[in-house]
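Below is one structure, written out as structure tokens; comments come after it.
Both backbone and side-chain heavy atoms feed into the values below; hydrogens, waters and symmetry mates do not. As the structure lists them, so they are numbered: ligands from 1, and atoms in each ligand from 1.
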Amino acid sequence: MTQQTENNTPNINAPSINTPTTPAPTGFDQLKLHPALLAAVKAEGYTVPTPIQQQAIPDVLAGRDLLGIAQTGTGKTAAFALPILHRLVANQVRLGRSLTRVLVLSPTRELASQIADSFRTYGRDLPVRGAVVYGGVSFGPQARQLQSGVDIVVATPGRLLDHITQGTLKLDKTEIFVLDEADQMLDLGFMRDIRKIVALLPQNRQNLFFSATMPKEIGNLAGELLRNPARVQVTPVAKTADRVEQRVVFCEGARKRAILAEILTKIATTRTLVFARTKRGADKVAEYLEKGGIPANAIHGNKSQGQRERALNAFRNGHCRVLVATDIAARGIDVDGVGHVVNYDLPNVPESYVHRIGRTARAGAEGMAISLCDPSERAFLRDIERLIRQTIPKLEMPGEAPAQRKAA
Ligand code: AMP
């Protein structure tokens, strides 16, 4: 993994790789975190901080704004959660009614609840209260949780604005603002909501801004929000592909289901995430697998919160080792030990391919990604191979016509 810190304000749209100016600490002990936090990370089995943690924690502890160019899987949640918890405890204040000291914005409910879980895990022995706020579940219990004030609110933008409108949450005393997965916020159409929320925050605050990629609009937003930020960049998106063994199967669209079933019985026999382009496609694939005796669940935006949570739990605890997901639904899935990713459909945005395959081979584990490519998807494959600067080797499945790459 590469990493970088810059201490002056850089051109946000044009990240460059620099060597850190100070040698990075090697252990959590050197990060000057509260002993309860050190105990919690130890209990989680973390032995060394990940590069983003090494680079970001000292700056966040010092109260600096941060621009983190990093994707899920790099340990970015702990990179902001640990120093935030430390700062809250180092300077405890009485919480006013409906106020919060920290606001973390996340694009999806799954990611929001995972971030809240991380705060809970790391802060379990600290006097810190948190609440998670997202749509799709009833408003009342969330409002009651917020009533007497909480230290940390993790929220998706829409429901957060509902609470602000109803007066159940006020941002007047928010000291730290975290925007996570800013590029996904843009993709999901949340930019206006974010600007509305930012306008309600006090001027004097610490801002932490995370994004896997830096399209122009996100660079502009970062430029508006951040004051002299420390900048940390880990593993540019295309690099993830290096750690995952990748294969492509060329086939006709009509053969995909049967080939998927074969892959799932012969090759991808561990916990496997299957990606489909559409919600309906994800359902159909899961149904087909179920009928063929391969237990599978689908997860996408049309499923209820309860269905999504049940599917995720079954996947996490191994009761159902195949999960079929759309890109957006998969955003917040934080499950270690995904051995295989199968792209049932290739994504039309090449970066999505890198995000998808990044779901496997996490924390140094082995992983394999197999993509099914029908004739209509050759252009997508070409774009992906250009982005990752690799030609993905072909996997021959019995019964498939060989050597179809030339047509790509
Ligand atoms: P994130 O990028 O925040 O989604 O984190 C990805 C995964 O890495 C999560 O499952 C974390 O529990 C795990 N993790 C975070 N920090 C460390 C660390 N220092 N050592 C090992 N695992 C970690």
Side-chain angles (χ1 to χ4, degrees), residues 1-3 24-33 37-58 60-61 66 68-86 104-124 130 132 152 154 178-184 208-213 232-237 239-240 243-244 271 273 312-313 315-318 325 329-339 341 354-367:
M1 268 192 199
T2 55
Q3 73 237 18
T26 49
F28 275 105
D29 293 352
Q30 287 151 281
L31 287 173
K32 301 195 177 78
L33 288 165
L37 294 170
L38 293 177
V41 294
K42 202 168 167 198
E44 282 301 289
Y46 304 173
T47 47
V48 278
T50 65
I52 191 166
Q53 291 162 4
Q54 293 197 10
Q55 296 295 306
I57 290 174
V60 181
L61 279 177
L66 180 82
I69 305 173
Q71 63 191 77
T72 298
T74 54
K76 71 179 158 74
T77 314
F80 64 80
L82 293 170
I84 286 176
L85 286 163
H86 180 104
V104 182
L105 277 189
S106 145
T108 65
R109 313 172 206 189
E110 282 81 12
L111 185 63
S113 60
Q114 276 157 31
I115 294 171
D117 284 347
S118 297
F119 273 106
R120 222 169 281 136
T121 304
Y122 307 138
R124 65 189 160 198
V132 55
I152 303 156
V154 184
V178 183
L179 185 64
D180 199 17
E181 307 227 335
D183 51 355
Q184 287 310 307
L208 312 179
F209 189 109
F210 293 89
S211 193
T213 57
V232 176
Q233 179 169 4
V234 295
T235 317
V237 66
K239 282 273 177 185
T240 313
R243 303 199 323 271
V244 181
R271 192 176 283 144
L273 198 49
L312 263 181
N313 283 338
F315 188 55
R316 195 172 279 135
N317 65 26
R331 271 287 151 211
I333 298 176
D334 177 22
V335 179
D336 289 335
V338 175
V341 165
V354 182
H355 286 301
R356 288 178 177 190
I357 72 168
R359 295 311 167 132
T360 180
R362 290 171 69 164
E366 298 279 296

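For Y122, there are no ring-ring contact (aromatic ring centres under 6.0 Å, His included) partners two or more places apart in sequence or in a different chain.
Not one N or O of Y122 is nearer than 3.5 Å to an N or O of ligand 1, by distance alone. In terms of polar-atom proximity, V48 is counted as a contact of ligand 1, with an N or O under 3.5 Å from an N or O of the ligand. Checking only distances, T47 never comes within under 3.5 Å of ligand 1, N or O to N or O. In terms of polar-atom proximity, P49 is not counted as a contact of ligand 1, lacking any N or O under 3.5 Å from an N or O of the ligand.
Proximity to F28 (heavy-atom distance under 4.0 Å) selects the following atoms of ligand 1: 19 (N). Every atom of ligand 1 with a heavy atom of T77 under 4.0 Å away is listed here by number and element: 1 (P), 3 (O), 4 (O).
Residues E181 and P107 come closest through the heavy atom pair CB-CG, 3.7 Å. Residues V104 and F80 approach most closely at CG1-CE1, 4.2 Å, considering heavy atoms.
Sorted pairs that involve residues 42-52 and meet salt bridge (Lys or Arg N to Asp or Glu O under 4.0 Å), not counting sequence neighbours, are lacking altogether.
Heavy atoms of V41 come nearer than 4.0 angstrom to ligand 1 in no pair at all.
With a heavy-atom cut-off of 4.0 Å, Q53 touches ligand 1 through its side chain alone.
For the atom pair CZ of R124 and CG of L37, the computed distance is 10.5 Å after rounding to the nearest 0.5 Å.
Checking side-chain atoms of S211 against main-chain N and O of D183 turns up a donor-acceptor pair under 3.5 Å.
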